[in-house]
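Below is one structure, written out as structure tokens, with a few remarks after it.
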Amino acid sequence: MSRKPISFRTELPLLIWLVIVWGALWRDFSPGNLLFGALIAIVVAKLFYLPPVELSGRFNILRAIPFAFMFLGKVVAASFLVLYLAVVKGPKVRSAVVAVPLRSHADLMVTATGHVISLIPGSLVVEVDRSTSTLYLHALNIYGEEDVRKIRHEVQDIEAGLIRIMGTREEVAALRAEAPGMEGASL
């Protein structure tokens, strides 16, 4: 199998991450251990091919801070909802697997959206269809079509927030075109 060569610059974030993981696993961040970890990271990256994660080259910290607070609010609210459902409704709670199509087809954005959703109690990503960029979620408290629309809207709002934080310029432009009332807002 022939594969496209990956530049060192593209591979550098992966190598740095592998060195950090190496140091954390050994609980030793001494220069010698990190150098040895770097050598192992290079060997691993050359022997075991991983497709490169393409970063957009942008990160909007002014969007990330409110997103983090919104995320924490959702985690707290969902935790209390799950507690209520477990104590009051018990086994009568209905759940469903819901397909949620995403706007972005970038692996990083799909993965980030899936992880954010999975960290919020009451929903869990059970399948990802990369070809159509669709997340399949197991969600609690789903009783009808309105609940399905609500969960899809919530997931797509989270994806939109992540696009505003670290999406490509094309994704941000598509998001801006989707919401015509937001032309003056800084996406």
Side-chain angles (χ1 to χ4, degrees), residues 13-14 17 20-21 24 50-56 58-168 170-182 185-187:
L14 171 66
W17 176 248
I20 291 170
V21 169
L50 291 172
V53 175
E54 296 181 23
L55 303 174
S56 67
R58 58 180 294 278
F59 185 84
N60 189 334
I61 190 73
L62 297 177
R63 294 284 185 171
I65 293 170
F67 183 85
F69 284 113
M70 179 272 307
F71 169 71
L72 290 174
K74 283 186 180 292
V75 168
V76 170
S79 296
F80 283 112
L81 177 63
V82 170
L83 173 68
Y84 167 77
L85 292 172
V87 171
V88 175
K89 291 194 174 186
K92 296 177 186 165
V93 175
R94 291 189 53 194
S95 61
V97 175
V98 179
V100 183
L102 300 179
R103 297 171 188 90
S104 176
H105 290 278
D107 287 342
L108 178 64
M109 201 59 62
V110 172
T111 302
T113 304
H115 281 296
V116 169
I117 290 300
S118 290
L119 288 171
I120 297 172
S123 61
L124 179 69
V125 176
V126 293
E127 181 71 35
V128 178
D129 185 352
R130 283 183 69 199
S131 64
T132 61
S133 197
T134 302
L135 297 179
Y136 293 90
L137 308 176
H138 179 270
L140 291 178
N141 210 24
I142 304 291
Y143 291 96
E145 202 53 45
E146 182 59 34
D147 295 327
V148 170
R149 276 193 292 279
K150 188 173 146 187
I151 194 80
R152 283 186 181 136
H153 181 70
E154 182 178 340
V155 172
Q156 290 171 340
D157 280 351
I158 288 171
E159 180 199 21
L162 289 169
I163 288 173
R164 289 182 187 107
I165 294 169
M166 61 183 180
T168 63
E170 294 80 19
E171 289 170 335
V172 173
L175 196 61
R176 194 175 284 144
E178 191 178 293
M182 301 278 296
S186 167
L187 290 174

Set of side chain to side chain donor-acceptor pair (under 3.5 Å) partners for Thr134, sequence neighbours left out
Thr132
Ion pair Arg103/Glu171, N-O distance below 4.0 Å
no
Measure the CD-NZ distance between Glu145 and Lys150 for me, rounded to the nearest 0.5 Å.
14.0 Å
Are the side chains of Arg58 and Val172 in touch, meaning some heavy atoms are under 4.5 Å apart?
yes
Are any non-hydrogen side-chain atoms of Val116 and Glu159 less than 4.5 angstrom apart?
no
Hydrogens and angles aside, do Ser123 and His138 bring a side-chain donor and acceptor to less than 3.5 Å of each other?
no
Given Tyr136, which partner from the list Val125, Asp129, Val98, Val100 fulfils the side-chain contact (heavy atoms from CB on, under 4.5 Å) test?
Asp129
If I compare all heavy atoms of Val75 with all of Pro121, which pair ends up nearest, and what's the gap?
O-CD, 4.0 Å
Are the side chain of Gln156 and the backbone of Pro101 linked by a donor-acceptor contact shorter than 3.5 Å?
yes
Ile120 versus Lys74: any side-chain heavy-atom pair under 4.5 Å?
yes
Tell me if the NE2 atom of His105 is crowded by more than 12 foreign heavy atoms within 6.0 Å.
yes
side-chain contact (heavy atoms from CB on, under 4.5 Å) filter on Val110, not counting sequence neighbours, yields Leu102, Val128, Ser133, Leu135
Which is it for Phe71 and Ile158 under the side chain to side chain contact (heavy atoms under 4.5 Å, CB included) test, yes or no, and what are the steps along the way?
CA-CA 9 Å; Phe71 169 71; Ile158 288 171; over 6 Å; no
First locate atom CZ of Arg149, then atom CG of Asp147, and finally report the distance between them rounded to the nearest 0.5 Å.
9.5 Å
Tyr143 OH: over 12 foreign heavy atoms closer than 6.0 Å
yes
Going through the distances and angles, do Phe67 and Leu162 end up as a side chain to side chain contact (heavy atoms under 4.5 Å, CB included)?
CA-CA 8 Å; Phe67 183 85; Leu162 289 169; 3.9 Å; yes
Given the rule in the side chain to side chain contact (heavy atoms under 4.5 Å, CB included) test, do Leu124 and Leu137 qualify, once you have shown the distances and angles that lead to the verdict?
CA-CA 5 Å; Leu124 179 69; Leu137 308 176; over 6 Å; no
Ser104 to Met109 - nearest heavy-atom pair and separation:
OG-CB, 3.4 Å
Minimal heavy-atom distance between Met166 and Phe59, with the atoms involved, is CB-CD1, 4.2 Å
Leu175 vs Arg164, test: side chain to side chain contact (heavy atoms under 4.5 Å, CB included). Steps then yes/no.
CA-CA 8 Å; Leu175 196 61; Arg164 289 182 187 107; 3.8 Å; yes
Please round to the nearest 0.5 Å and tell me the distance separating atom CD1 of Ile163 and atom OG1 of Thr168.
8.0 Å
Out of curiosity, Asn141 CG to Leu85 CG, how far, rounded to the nearest 0.5 Å?
4.5 Å
